[in-house]
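Read the structure below first, then the notes.
Chain A is the first sequence line, chain B the second, and so forth, proteins listed ahead of strands; every chain is numbered from 1.
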Amino acid sequence: MIYKKLLSLHGPQGWWPIGATYHKKNYDIPKTSEELFEICVGAILTQNTSFRSVDLALNNLREHNLLNPKNLMKASENLVKTCIKPSGYFNQKTKKLLIFTNFFLQLKNRKPLRSELLSLWGIGPETADSMLLYGWHEPIFVIDAYTKRIFTHLKLIDTAFKYEEIRKIFEKNLPLDYILFNEYHALIVAHAKQFYSKKPYGIGCPVELYFSKTS
DNA sequence: AGCCAGGCTACCG
DNA sequence: CGGTAGCATGGC
């Protein structure tokens, strides 16, 4: 099983980071509504952006006490833009944050439907699923560019498969376990950063070697 | 110096 | 439908 191979290679990852630190083997996160909000903000800011840059933006928001939905709605747009500038696309992401935050406040602590998140401008499938998995502990498998890259490279999925198809494949072949999905996605990202960041992809990938030896 | 990053929208044919 | 330009900054 690829999951166990990745786990033995990289160890537990402890996603999602809160307060810029990871909490390995602690799956009881978020603990508060503000931590939940921080995860959602991070999910938006990390769109096509490394989390290292997102950390800079989150710290700026934290310094201005804006990792709080009500405060964020009251803040000036220019201040928000300045805070999140390090994470890139700051004009678009400011708009996305404000639209999402307005929705978040309307929830009043209710868990959102996936379809509700997807209906918001700026929230696509990966962002919605990251929020539902890491924020609300829903057993949804998050698919990202790395997942497609690794599993197409290993010839386990077809390059033409779309987001929903790939997600269903994972969810059909795994127990619907929030903790498993949490670690698995994080492990995929850790593995891809090491072996699938630049072309040609997969050089030295131990999972690939593992497959060629056993098949 | 140039490519890549934990995507999404708008617009094209 | 599928394909792609644009979005913007920081790290390496």
Side-chain angles (χ1 to χ4, degrees), chain A residues 3 6 10 12-24 29-30 38-61 77-101 103 114-136 138 140-153 158-167 170 181-203:
Chain A
Y3 172 73
L6 293 176
H10 305 284
Q13 300 297 301
W15 275 27
W16 192 279
I18 286 290
T21 54
Y22 291 83
H23 302 262
K24 299 195 177 187
I29 287 174
E38 178 177 336
I39 289 174
C40 295
V41 170
I44 290 171
L45 294 183
T46 200
Q47 290 174 358
N48 201 36
T49 304
S50 70
F51 211 88
R52 181 190 293 265
S53 296
V54 175
D55 266 348
L56 301 174
L58 288 175
N59 287 333
N60 290 338
L61 290 171
E77 227 174 286
N78 277 337
L79 176 60
V80 178
K81 285 184 181 179
T82 306
C83 287
I84 71 168
K85 184 168 271 186
S87 64
Y89 310 123
F90 58 86
N91 288 307
Q92 289 196 348
K93 283 178 178 173
T94 295
K95 185 177 167 189
K96 293 177 184 181
L97 282 183
L98 294 179
I99 290 173
F100 171 77
T101 303
F103 169 78
R114 187 171 192 265
S115 56
E116 292 178 304
L117 291 171
L118 291 176
S119 73
L120 300 175
W121 185 88
I123 308 258
E126 186 189 337
T127 308
D129 291 345
S130 292
M131 290 180 181
L132 288 170
L133 176 65
Y134 291 103
W136 278 280
E138 217 174 284
I140 291 186
F141 203 94
V142 177
I143 307 300
D144 66 349
Y146 285 148
T147 311
K148 293 178 200 162
R149 192 179 295 174
I150 292 178
F151 284 83
T152 56
H153 182 82
D158 192 282
T159 52
F161 285 178
K162 295 167 62 181
Y163 188 98
E164 289 302 309
E165 299 177 85
I166 302 173
R167 182 168 74 85
F170 278 92
F181 286 11
N182 174 321
E183 281 294 349
Y184 204 163
H185 176 66
L187 285 166
I188 285 170
V189 173
H191 190 69
K193 279 179 176 170
Q194 190 170 353
F195 298 106
Y196 291 82
S197 274
K198 46 185 167 187
K199 298 177 181 177
Y201 296 136
I203 298 299

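Here, C/dT9 and B/dA10 have their C1' atoms 22 Å apart, quoted to the whole Å.
For DNA chain B, runs of at least 3 consecutive pairs of the Watson-Crick or G-U wobble type, with both hydrogen-bonding distances under 3.5 angstrom, map to B:2-5 with C:9-12, B:7-13 with C:1-7.
Of the residues in residues 192-200 of chain A, none lies under 4.0 Å from DNA chain C by heavy-atom distance. Within residues 116-132 of chain A, no residue approaches DNA chain C, by heavy-atom distance under 4.0 Å.
Per the geometry, NZ belonging to A/Lys85 stands 15 Å off P belonging to C/dC7, to the nearest Å. Distance A/Asp144 CG to B/dC8 C1': 14 Å, rounded to the nearest Å.
Between A/Trp15 and B/dG6, a base-stacking contact is recorded: ring centres under 5.5 Å apart, planes less than 30° from parallel. A/Phe90 does not qualify as a stacking partner of the C/dA8 base, lacking a centre-to-centre distance under 5.5 Å together with planes within 30°.
Counting any heavy atom pair closer than 4.0 Å across all strands shown, A/Phe100 reaches no nucleic acid atom. Base engagement by A/Tyr89 is indicated by at least one non-hydrogen atom pair under 4.0 Å involving a base atom. Within the nucleic acid shown, A/Lys162 comes within 4.0 Å of sugar-phosphate atoms alone, with no base atom in reach, counting heavy atoms only.
Residue A/Asn48 has no polar side-chain atom (N or O) positioned under 4.0 Å from OP1 or OP2 of B/dG6. Side-chain nitrogen and oxygen atoms of A/Arg52 include at least one within less than 4.0 Å of the OP1 or OP2 phosphate oxygen of C/dC12.
Residue A/Val142 is tested with A/Leu132, A/Asp129, A/Val189 for a side chain to side chain contact (heavy atoms under 4.5 Å, CB included); the sole match is A/Asp129.
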Worked verdict on A/Glu164 versus A/Arg114 for salt bridge (charged side-chain N to carboxylate O under 4.0 Å, His left out)
CA-CA 13 Å; A/Glu164 289 302 309; A/Arg114 187 171 192 265; 2.8 Å; yes
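Put simply, the side chain of A/Tyr22 and the base of B/dG6 share a donor and an acceptor less than 3.5 Å apart.
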